[in-house]
J.: 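Okay, here's the structure, questions in a sec.
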Amino acid sequence: MKFTVALSTLAVLLAATIVVDAAPQGGNGIQVLKPAKVTPKGQNLKFGNKSKGKQNAGAADAASSSAAAAASNDAAASTAAAASATDSADAAAATGDAAAAAADQAANASADDLQSSLTLDPGQVQPGLANDGQAVPTAGQIASLTSTNNFINYCATRPDLPLTNGQQILTGSCNPTIMGEIVAKDKMPSAKITNPPNFSTVKAGETVSFKIAVKNMNTGNFVNAQQNYFAAPQTTDQNGILVAHSHITVNAISDFQDTTATDPQDFVFFKGLNDPAVDGVLSADAVDGFKPGFFRACTINSAANHQPALVAVAQHASLDDCTYFQVTDDGNADGAAADAAAASATDAAAASATDAAAASATDSAAAAAATDAGNNDNNSNDIDIAAAIKKAKAGKSNKSKAKGGNNRRRFSSSFERRR
């Protein structure tokens, strides 16, 4: 109640304190009204403690200032929030780029780390190596060695052998280096010696030019054989072709009919074919030629680190080739070589004549059978013709067997005369 009366009184006082200043003072005769003191009867204006009033006023001012400060702070906060949002977006973008770069770097680092790590990556374990292959054994088949860690420490089981370590250790060694990339079945390498021709004769002391046609070999790739022998895995190029080189090696034999297994340590010529093939052909010259005798020349196709070529299947034709030749003083074939060549020519001619006669007989028999069948019921034509062809082929087979026996006797006789 007191607070209501005080407000009413305050309103009256405020009205009374209005100063009317209609004109400048001095000389204009207009009196300036001044506020009068008005105190309602029976009422004393009490607003309580002055300091409290001041406190209230101060509180109002403080509240006003706080409100203003709060508004200012809100505005600042909004600005900061906007700036923060912008910064966050930029930071997020930068973080995304950094994350992508870090991922790439991590992937590369991971790949690099795997190649320097001394532990086996679990993803590289081959579970099939734990199987000895004897679940359904083939007659005579032995159990395979097994491993659950890719044989990474196999050579530790052979302390009696030194590690290969890139060297050609004559007494043998143990090599921990993995085999590497295995060539696909349809890209297996091969070679064919085209010169000197098989069973040919060359003159003693004259240069022999070896020519080897190669297929599925990225040739001309070889490493230091004294420091990197078997020291790295086999590799293939971007087309799956073996990164490789080849060799030509020649060893002496007693004659063309020699049946003795040769000694790989005994050879009269060896040459690494280190240059790339030209039009699919590798070349090497034995400049000083050979002494009179009989010889076998063979290729050795190898990966870059000199290991024999590794391919995808066990059953395949030879990846290498061999040829036989004779060396004489005058370059002319003699003795057994001449007999062998003559026998070979005779066999070829006889075989050709026999095949031609047999083919003619078969055709004649088939024609006769067809004519006879034409006079009979059409339903039996196929049977009669088939029977006639079968009979003719049987005759051809018997003649071939007889020819083979005669040729073998004739070839054997020629060498008996030589001996």
Side-chain angles (χ1 to χ4, degrees), residues 124 126 128-129 133 144-145 150-152 154-155 163-170 172-195 198 210-251 261-267 269-284 286 296-324:
Q124 298 299 305
Q126 301 180 88
L129 274 59
S144 171
L145 295 179
N150 288 15
F151 293 100
I152 56 174
Y154 172 74
C155 287
L163 297 180
T164 307
N165 198 32
Q167 297 177 318
Q168 300 179 48
I169 301 176
L170 303 186
S173 63
C174 188
N175 188 17
T177 306
I178 67 167
M179 297 182 187
E181 302 171 23
I182 308 300
V183 178
K185 180 181 178 182
D186 63 345
K187 295 178 180 177
M188 293 188 290
S190 65
K192 184 70 179 80
I193 299 174
T194 60
N195 194 70
N198 204 23
F210 293 97
K211 302 291 183 182
I212 302 100
V214 294
K215 179 181 179 181
N216 288 333
M217 292 178 63
N218 186 340
T219 53
N221 297 287
F222 67 100
V223 302
N224 187 326
Q226 304 305 317
Q227 298 180 7
N228 306 109
Y229 189 71
F230 292 1
Q234 174 176 285
T235 59
T236 58
D237 65 15
Q238 66 274 15
N239 297 315
I241 303 301
L242 179 65
V243 176
H245 65 290
S246 190
H247 313 78
I248 187 74
T249 181
V250 179
N251 64 282
T262 60
D263 183 351
Q265 297 181 89
D266 293 335
F267 55 90
F269 179 78
F270 182 97
K271 176 69 174 177
L273 308 178
N274 298 331
D275 294 327
V278 177
D279 295 328
V281 176
L282 294 170
S283 302
R296 181 188 69 166
C298 297
T299 63
I300 304 175
N301 293 329
S302 306
N305 285 78
H306 306 280
Q307 61 268 56
L310 304 174
V311 296
V313 293
Q315 295 186 0
H316 58 79
S318 176
L319 308 181
D320 287 290
D321 188 38
C322 290
T323 189
Y324 296 82

J.: Hey, does Leu163 have a side-chain heavy atom less than 4.5 Å from the side chain of Asn175?
T.: no

J.: Measure the spacing between OG1 of Thr323 and CZ of Phe210 and express it to the nearest 0.5 Å.
T.: 9.0 Å

J.: Can you tell me if His306 uses its side chain to pair, donor with acceptor, with the backbone of Val223 under 3.5 Å?
T.: yes

J.: Got a donor-acceptor contact below 3.5 angstrom from the Glu181 side chain to the Pro233 backbone?
T.: no

J.: Please lay out, stage by stage, how Arg296 and Val250 fare under the test side-chain contact (heavy atoms from CB on, under 4.5 Å).
T.: CA-CA 6 Å; Arg296 181 188 69 166; Val250 179; over 6 Å; no

J.: Within the 4.5 Å heavy-atom criterion, are Met188 and Met217 side-chain neighbours or not?
T.: no

J.: State whether the side chain of Asn165 and the backbone N or O of Gln167 hold a donor-acceptor pair below 3.5 Å, judged by distance alone.
T.: no

J.: With no hydrogens and no angle check, just 3.5 Å: does a side-chain donor-acceptor pair link Thr194 and Lys211?
T.: no

J.: Tell me if a side-chain donor or acceptor on Asp320 pairs with a main-chain N or O of Asn301 at a distance below 3.5 Å.
T.: yes

J.: Starting at CG of Leu273, measure out to CZ of Phe222 and round the result to the nearest 0.5 Å.
T.: 10.5 Å

J.: Judged by atom type as modelled, is there a donor-acceptor pair below 3.5 Å linking the side chain of His247 to the main-chain atoms of Ile300?
T.: yes

J.: So, do Gln307 and Gln234 sit near enough that their side-chain heavy atoms are less than 4.5 Å apart?
T.: yes

J.: State which residues pass salt bridge (charged side-chain N to carboxylate O under 4.0 Å, His left out) with Asp321; sequence neighbours excluded, sorted by chain then number.
T.: Lys192

J.: Checking Asn150 side chain against Ile152 main chain: does a donor-acceptor pair fall under 3.5 Å?
T.: no

J.: Can you tell me how far apart CG (Asn198) and OH (Tyr324) are? Round to the nearest 0.5 Å.
T.: 8.0 Å

J.: Can you confirm whether Asn305 sits close enough to Phe230 that some side-chain heavy atom of one is under 4.5 Å from a side-chain heavy atom of the other?
T.: no

J.: Considering only heavy atoms from C-beta outward, does the side chain of Leu282 approach that of Thr219 to under 4.5 Å?
T.: yes

J.: Quick one about Asn218 and Asp237 (side-chain donor to acceptor, distance below 3.5 Å, no hydrogens or angles considered), yes or no?
T.: yes

J.: Who are the side chain to side chain donor-acceptor pair (under 3.5 Å) partners of Lys215, not counting sequence neighbours?
T.: none

J.: Nearest 0.5 Å, please: how far is CD1 in Ile193 from SG in Cys298?
T.: 6.0 Å

J.: Could you tell me whether the side chain of Leu242 reaches within less than 4.5 Å of the side chain of Asn216, counting heavy atoms only?
T.: no

J.: Does the side chain of Leu145 reach to within under 4.5 Å of the side chain of Phe151, using non-hydrogen atoms?
T.: yes

J.: Evaluate the side-chain proximity of Thr236 to Ile241: yes if any heavy-atom separation is below 4.5 Å, no if none is.
T.: no

J.: Could you name each residue pair satisfying side-chain hydrogen bond (donor to acceptor under 3.5 Å, both in side chains) that touches residues 182-191, not counting sequence neighbours?
T.: none

